[in-house]
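First the structure, in the form of structure tokens, and then the observations on it.
These values consider heavy atoms only, across backbone and side chains, with no hydrogens, waters or symmetry-generated copies. Just so you know, ligand 1 is whichever comes first in the structure, and atom 1 is the first atom listed for that ligand.
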Amino acid sequence: MTKTALITGITGQDGYHLAELLNGKSYTVYGLIRGQNNPKLARVEQEQPYINLIEGDLTDLSSLVKAMDIAKPDEVYNLAAVSHVGYSFKNPILTADVTGKGVLNVLEAIRISGGEKTVRFYQASTSEMFGGLDYNRPGKGYDENALFHPRSPYGVAKLYGHWITKNYRESYSMHASCGILFNHEGERRGIEFVTRKISNAVARIHLGLQDHIELGNLDPKRDWGYAGDYVEGMWLMLQQPKPDDYVLATGETHSIQDFLELAFGEIGIDDWKPYVKQNPKFMRPAEVDILLGNPQKAEKVLGWKRRVDFPSLVKLMVKHDLELEASNKLT
Ligand code: NAP
Ligand code: F7E
């Protein structure tokens, strides 16, 4: 029988990939879109006409109850958030309202509309909840049992979302799972995140459209995977007989300098340093120095494994941006 899914954050990177995946599995897909005259509406309507869009906002419980009544979903994927860590330092209260309390609003909408025993719920938790400070496990990587120590208003808000999801699972027996996802990137990554900022600048430098890129701290290391692989993990979590929490990661960590080296290498530049300027504007009040995930549980229980490795990820992002910039259409 055909299933129905409601995705919040449909205009974001993961919303795009997840909708493609579910459509390929013959789901009826609903997507929550916010705001008056959202500029991303036209793109979604044009590229993914199979999505049934519903207006709503994570801070507005009544809109979420209405969305539940319209979609009557079997599965709800809560991907909506203020998701940029740097932005969360500048807008901590908005971040708490959307990224933290917004999760509670979605869970309550499911209960109010009578779905607590039938609807399966996915919460987009994050490696930012660990914060890079759990030195109990050097080299092993963070797994589901590692200590949390968030280092940004974003990480703190996500930790609330994580725990309230677990609380609803324990209190009301809801099929509610949290995916603790490490950084995942790709052609649809927002231009405000460092990987896409670099892949786009590299393409523009190659085409003579700009001559350098300004970045913040170049030393942090991240466990970077491909978004297309990670949405499959989200779906697998909701297909399990029991809800649970899972880390999705590659088990490798690379610095921003490693990313720069590979990305500039794609356009035949061996020494990237003359093209990169550091600007304190892009530094954060507190930094997460290193993230490394341990995806063994997801590999064992879900049968999930990332397919795209780090060099292939950089290559596909630069290739995509070279094509986009050459045709002058940034998405
Ligand atoms: P993204 O590209 O930044 O997308 C965020 C989405 O949230 C957008 O569709 C945005 O809509 C929507 N949104 C923001 N505020 C909202 C509100 N008040 N009401 C309703 N929708 C709102 O994020 P992503 O990379 O796809 O990530 C998806 C989720 O996974 C997020 O929750 C993120 O925090 C989490 N996560 C991401 C990563 C990663 O590496 N990508 C890793 C771990 C966890 P507009 O287009 O209208 O702004
Ligand atoms: O930063 C450094 C920055 O913004 C990565 C979100 O999806 O993944 C993402 O959060 C690193 C940081 O991602 C610039 O200081 C240097 O150390 O690409 P980012 P993030 O902060 O890791 C997690 C898992 C999420 O959950 C989040 O939603 O790069 N960096 N220079 C820079 N970062 C940015 N954005 N811009 C710079 O110019």
**Asked** Are Arg111 and Tyr172 in a cation-pi contact, defined as NZ or CZ under 6.0 Å from the six-membered ring centre and within 45° of the axis?
**Response** yes

**Asked** Is Arg196 salt-bridged to Glu185, cutoff N-O under 4.0 Å?
**Response** no

Would you mind listing each N/O atom of ligand 1 next to any protein N/O under 3.5 Å, plus the distance?
residue: ligand 1; atom: 2 (O); partner: Gln13; partner atom: N; Å: 3.0
residue: ligand 1; atom: 3 (O); partner: Ser83; partner atom: OG; Å: 2.6
residue: ligand 1; atom: 7 (O); partner: Ala81; partner atom: N; Å: 3.1
residue: ligand 1; atom: 7 (O); partner: Ala81; partner atom: O; Å: 3.4
residue: ligand 1; atom: 9 (O); partner: Gly9; partner atom: O; Å: 3.4
residue: ligand 1; atom: 9 (O); partner: Thr11; partner atom: N; Å: 3.4
residue: ligand 1; atom: 9 (O); partner: Thr11; partner atom: OG1; Å: 2.6
residue: ligand 1; atom: 9 (O); partner: Gly12; partner atom: N; Å: 3.1
residue: ligand 1; atom: 11 (O); partner: Thr11; partner atom: OG1; Å: 3.2
residue: ligand 1; atom: 18 (N); partner: Asp57; partner atom: OD1; Å: 2.9
residue: ligand 1; atom: 19 (N); partner: Asp57; partner atom: OD1; Å: 3.4
residue: ligand 1; atom: 19 (N); partner: Leu58; partner atom: N; Å: 2.9
residue: ligand 1; atom: 25 (O); partner: Arg189; partner atom: NH1; Å: 3.4
residue: ligand 1; atom: 26 (O); partner: Gln13; partner atom: N; Å: 3.2
residue: ligand 1; atom: 26 (O); partner: Asp14; partner atom: N; Å: 2.8
residue: ligand 1; atom: 32 (O); partner: Leu79; partner atom: O; Å: 2.9
residue: ligand 1; atom: 32 (O); partner: Lys158; partner atom: NZ; Å: 2.8
residue: ligand 1; atom: 34 (O); partner: Tyr154; partner atom: OH; Å: 2.6
residue: ligand 1; atom: 34 (O); partner: Lys158; partner atom: NZ; Å: 3.3
residue: ligand 1; atom: 40 (O); partner: His184; partner atom: N; Å: 2.9
residue: ligand 1; atom: 40 (O); partner: Arg189; partner atom: NH2; Å: 3.3
residue: ligand 1; atom: 41 (N); partner: His184; partner atom: NE2; Å: 3.4
residue: ligand 1; atom: 41 (N); partner: Arg189; partner atom: NH1; Å: 3.2
residue: ligand 1; atom: 46 (O); partner: Thr11; partner atom: OG1; Å: 2.4
residue: ligand 1; atom: 46 (O); partner: Lys40; partner atom: NZ; Å: 2.8
residue: ligand 1; atom: 47 (O); partner: Arg34; partner atom: NE; Å: 2.9
residue: ligand 1; atom: 47 (O); partner: Asn38; partner atom: ND2; Å: 2.9
residue: ligand 1; atom: 48 (O); partner: Arg34; partner atom: NH2; Å: 2.8

**Request:** Verify whether the ring centers belonging to Trp304 and Tyr230 lie closer than 6.0 Å.
**Result:** yes

**Item:** NZ/NE/NH1/NH2 to OD/OE distance under 4.0 Å, Arg120 and Asp74
**Value:** no

**Asked** For the residue pair Tyr142 and Phe130, does the interplanar ring angle fall in the parallel (under 30°), tilted (30 to 60°) or perpendicular (over 60°) class?
**Response** parallel

**Message:** A side-chain contact here means heavy atoms from C-beta on lying under 4.5 Å apart; do Asn91 and Val82 qualify?
**Reply:** no

**Prompt:** Taking the six-membered ring for Trp, are Phe148 and Trp163 parallel (under 30°), tilted (30 to 60°) or perpendicular (over 60°)?
**Reply:** perpendicular

**Request:** Run the salt-bridge test on Lys166 and Asp244 with the 4.0 Å N-O cut-off and return the result as yes or no.
**Result:** no

**Message:** If you count every heavy atom of other residues, nucleotides or ligands that lies below 6.0 Å from Asp270 atom CG, does the total exceed 12?
**Reply:** no

Ligand 2 N/O to protein N/O, distances under 3.5 Å:
residue: ligand 2; atom: 4 (O); partner: Arg284; partner atom: NH2; Å: 2.8
residue: ligand 2; atom: 7 (O); partner: Arg189; partner atom: NH1; Å: 3.2
residue: ligand 2; atom: 7 (O); partner: Arg189; partner atom: NH2; Å: 2.9
residue: ligand 2; atom: 8 (O); partner: Asn183; partner atom: ND2; Å: 3.0
residue: ligand 2; atom: 15 (O); partner: Glu287; partner atom: OE2; Å: 2.6
residue: ligand 2; atom: 17 (O); partner: Arg222; partner atom: NH2; Å: 3.1
residue: ligand 2; atom: 17 (O); partner: Glu287; partner atom: OE1; Å: 2.8
residue: ligand 2; atom: 17 (O); partner: Glu287; partner atom: OE2; Å: 3.2
residue: ligand 2; atom: 18 (O); partner: Val194; partner atom: N; Å: 2.8
residue: ligand 2; atom: 21 (O); partner: Arg284; partner atom: NH1; Å: 2.6
residue: ligand 2; atom: 22 (O); partner: Asn183; partner atom: ND2; Å: 2.8
residue: ligand 2; atom: 22 (O); partner: Arg222; partner atom: NE; Å: 2.9
residue: ligand 2; atom: 26 (O); partner: Thr126; partner atom: OG1; Å: 2.7
residue: ligand 2; atom: 26 (O); partner: Tyr154; partner atom: OH; Å: 2.7
residue: ligand 2; atom: 28 (O); partner: Ser83; partner atom: O; Å: 2.6
residue: ligand 2; atom: 28 (O); partner: Tyr154; partner atom: OH; Å: 2.8
residue: ligand 2; atom: 31 (N); partner: Gly216; partner atom: N; Å: 2.8
residue: ligand 2; atom: 35 (N); partner: His84; partner atom: NE2; Å: 3.4
residue: ligand 2; atom: 35 (N); partner: Glu192; partner atom: O; Å: 2.9
residue: ligand 2; atom: 38 (O); partner: Lys197; partner atom: NZ; Å: 2.7

